[in-house]
*Asks:* 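What follows is a single structure, and I will ask about it in a moment.
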Amino acid sequence: MNRLFQFAFSKIKGVKVYALVGRSGTGKSYHSKLVANKYKIDLIIDDGLLIRGNKILAGHSAKQDPNFITAVRTAVFDDDDHREEVMNALLKEKYKRILIIGTSEKMIGKITKRLELPEAEKIIHIEDIASEEEIETAMRIRFTEGKHVIPVPSLEVTRSYPGIVYDSLKIFEKRKKKRDNIEKTIVRPEFSRPDKKEISNLAIEQMAKHAISDYDSVIKVKKVRSVKNTDNTYSIYITLQLPLKHYMSTTISDLQEYISDCIEKYGGIMIKNVSLEIEEWG
């Protein structure tokens, strides 16, 4: 099918896009199957993978990438071959509902646009389905142990990514008179290894520049400085250059959150705050 007609075709088919949004490490992948069951969702897109039930249909996992930059590009389908593979798989599948997992609504929008899917009709925030205690526990595990979750059985993950599999996890969900056994895989990606206790200012600078360029390519980064706090979190101070006549479609706080989410997710560190200083030019 011609790619130009895919969006219209998905609308004709009545495809409905759901989004599960939350900060890095808050347990989105862990809760994704529960959300899919609740809303009778057929497919899940998570960190570069297209998933149906317990099977990976297509894609490449960002959790297998060796560093931040490639992981971010994988997660948002920046690579043409990766995007084509997943789009071709979507065309072959029969589905009415698809769940996309992301750290922000902007990330969800980027993925739907690149895969030529309709905009998300329902956005679910992790705080809507997980308790404060569950979120805090998930974040502690992410940032102290470097563990991530892929929502398919470990056997399926091991076939493609044996080097990152750490453990498996089974969840029992009680639905009416049925008890479902949902298996997930715990992985420890190279970019999130807990023995990487220090991260250089240069690495953080590269991450911040990539996140900002991905967010708005017109914005230029003049300077990035990072400070490791006593609680092992990081504070990041960035000086930006913005053309006088450039209009930002979102707020500064949205940009701060996007930078923080990107670095936390693929840098394996906790961001306390991102401070932005803006200089106008031109």
Side-chain angles (χ1 to χ4, degrees), residues 15-51 59 61-63 68 71-78 86 95 97-143 147-152 182 184 192 207 210-212 214-216 248-268 270-271 273-274:
V15 170
K16 185 173 183 179
V17 175
Y18 289 71
L20 178 55
V21 174
R23 287 184 64 189
S24 175
T26 50
K28 299 184 299 297
S29 294
Y30 177 88
H31 287 87
S32 60
K33 285 289 185 70
L34 302 177
V35 172
N37 286 343
K38 180 178 179 179
Y39 293 99
K40 296 181 174 56
I41 294 171
D42 307 294
L43 303 175
I44 295 175
I45 289 177
D46 182 21
D47 262 358
L49 292 175
L50 176 63
I51 297 166
S61 176
K63 296 178 174 72
F68 165 81
V72 169
R73 288 174 174 166
T74 294
V76 297
F77 299 93
D78 189 53
V86 172
Y95 66 100
R97 300 181 181 189
I98 184 168
L99 174 68
I100 301 177
I101 301 172
T103 57
S104 66
E105 292 184 25
K106 182 176 179 64
M107 181 179 179
I108 299 295
K110 191 181 296 291
I111 292 171
T112 56
K113 183 177 181 180
R114 288 182 176 171
L115 295 181
E116 298 180 20
L117 289 166
E119 293 180 1
E121 294 188 31
K122 184 173 182 62
I123 296 175
I124 303 158
H125 293 271
I126 189 65
E127 293 82 4
D128 298 334
I129 59 173
S131 67
E132 186 176 335
E133 183 180 0
E134 287 175 319
I135 292 173
E136 288 178 355
T137 299
M139 293 187 73
R140 175 180 55 78
I141 292 172
R142 167 64 59 84
F143 293 106
K147 294 176 182 176
H148 296 234
V149 171
I150 297 180
V152 293
I182 301 173
K184 304 173 189 293
S192 189
M207 294 180 197
H210 181 83
I212 292 164
D214 193 51
Y215 190 89
D216 189 331
M248 282 185 63
S249 59
T250 55
T251 65
I252 293 299
S253 61
D254 288 333
L255 176 56
Q256 289 171 311
E257 183 179 350
Y258 188 75
I259 296 168
S260 177
D261 285 342
C262 284
I263 296 176
E264 282 187 346
K265 186 172 182 64
Y266 300 110
M270 178 78 81
I271 305 301
N273 63 286
V274 174

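Hydrogens, waters and symmetry mates play no part in the numbers below; they use all other heavy atoms, side chains included. A quick note: this is a predicted structure, and the numbers were derived from the prediction, not measured.
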*Asks:* Quick check against the 3.5 Å criterion: does Gln256 have a side-chain atom that pairs as donor or acceptor with the backbone of Val274?
*Replies:*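 Yes; at least one donor-acceptor contact below 3.5 Å.
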
*Asks:* Go through Lys113 and Glu119 one step at a time and tell me if the side-chain contact (heavy atoms from CB on, under 4.5 Å) criterion holds.
*Replies:* CA-CA 8 Å; Lys113 183 177 181 180; Glu119 293 180 1; over 6 Å; no

*Asks:* If we check side-chain contact (heavy atoms from CB on, under 4.5 Å) with Ile45, which of these qualifies: Ile108, Ile100, Ile101?
*Replies:*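 Checked Ile108, Ile100, Ile101 against Ile45; only one passes side-chain contact (heavy atoms from CB on, under 4.5 Å): Ile100.
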
*Asks:* State, without any angle test, whether Tyr39 and Arg97 hold a side-chain donor-acceptor pair at a distance under 3.5 Å.
*Replies:*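 On atom types as modelled, these side chains do not qualify, holding no pair under 3.5 Å.
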
*Asks:* Please examine the side chains of Ile44 and Ile98, heavy atoms only from C-beta on, and report whether any two atoms are closer than 4.5 Å.
*Replies:*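 No, every pair of side-chain atoms sits at 4.5 Å or beyond.
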
*Asks:* Using a 3.5 Å distance criterion without hydrogens, assess whether the side chain of Glu134 forms a donor-acceptor pair with backbone atoms of Ser131.
*Replies:*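 Yes, the answer is positive, given that a donor and an acceptor are paired below the 3.5 Å cut-off.
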
*Asks:* So do the side chains of Val86 and Leu49 get within less than 4.5 Å of each other, counting heavy atoms only?
*Replies:*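 SC-SC contact between Val86 and Leu49 ruled out.
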
*Asks:* Salt bridge between Asp78 and Arg114, side-chain N to carboxylate O under 4.0 Å?
*Replies:*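 The answer is yes: the pair qualifies as a salt bridge.
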
*Asks:* Keeping Asp128 on the side-chain end and His125 on the backbone end, is there a donor-acceptor pair under 3.5 Å?
*Replies:*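 Pair found, side chain donor or acceptor close to backbone of His125.
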
*Asks:* Just how far is it from atom CD of Glu264 to atom OG1 of Thr26, taken to the nearest 0.5 Å?
*Replies:*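 Here the interatomic distance stands at 9.5 Å.
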
*Asks:* Is it true that the side chains of Tyr258 and Asp214 contain a donor and an acceptor less than 3.5 Å apart?
*Replies:*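 There is such a pair (donor and acceptor under 3.5 Å, judged by atom type) between the side chains of Tyr258 and Asp214.
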
*Asks:* Heavy-atom distance under 4.5 Å between the side chains of Lys28 and Arg23, does that happen here?
*Replies:*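 Counting from C-beta outward, Lys28 and Arg23 never come under 4.5 Å.
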
*Asks:* Hey, are the side chains of Val15 and Tyr95 touching, using non-hydrogen atoms and a 4.5 Å cut-off?
*Replies:*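 Result yes, sub-4.5 Å side-chain heavy-atom pair found.
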
*Asks:* Between Ile259 and Glu257, does the side-chain contact (heavy atoms from CB on, under 4.5 Å) criterion hold? Intermediate values first, please.
*Replies:* CA-CA 6 Å; Ile259 296 168; Glu257 183 179 350; over 6 Å; no

*Asks:* Using a distance-only test with no angle check, is there a side-chain donor-acceptor pair under 3.5 angstrom linking Asp46 and Ser29?
*Replies:*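 Note: Asp46 and Ser29 side chains meet the donor-acceptor criterion.
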
*Asks:* If we ignore hydrogens and angles and just use 3.5 Å, is the side chain of Glu121 paired with the main-chain N or O of Val17 as donor and acceptor?
*Replies:*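 Absent.
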
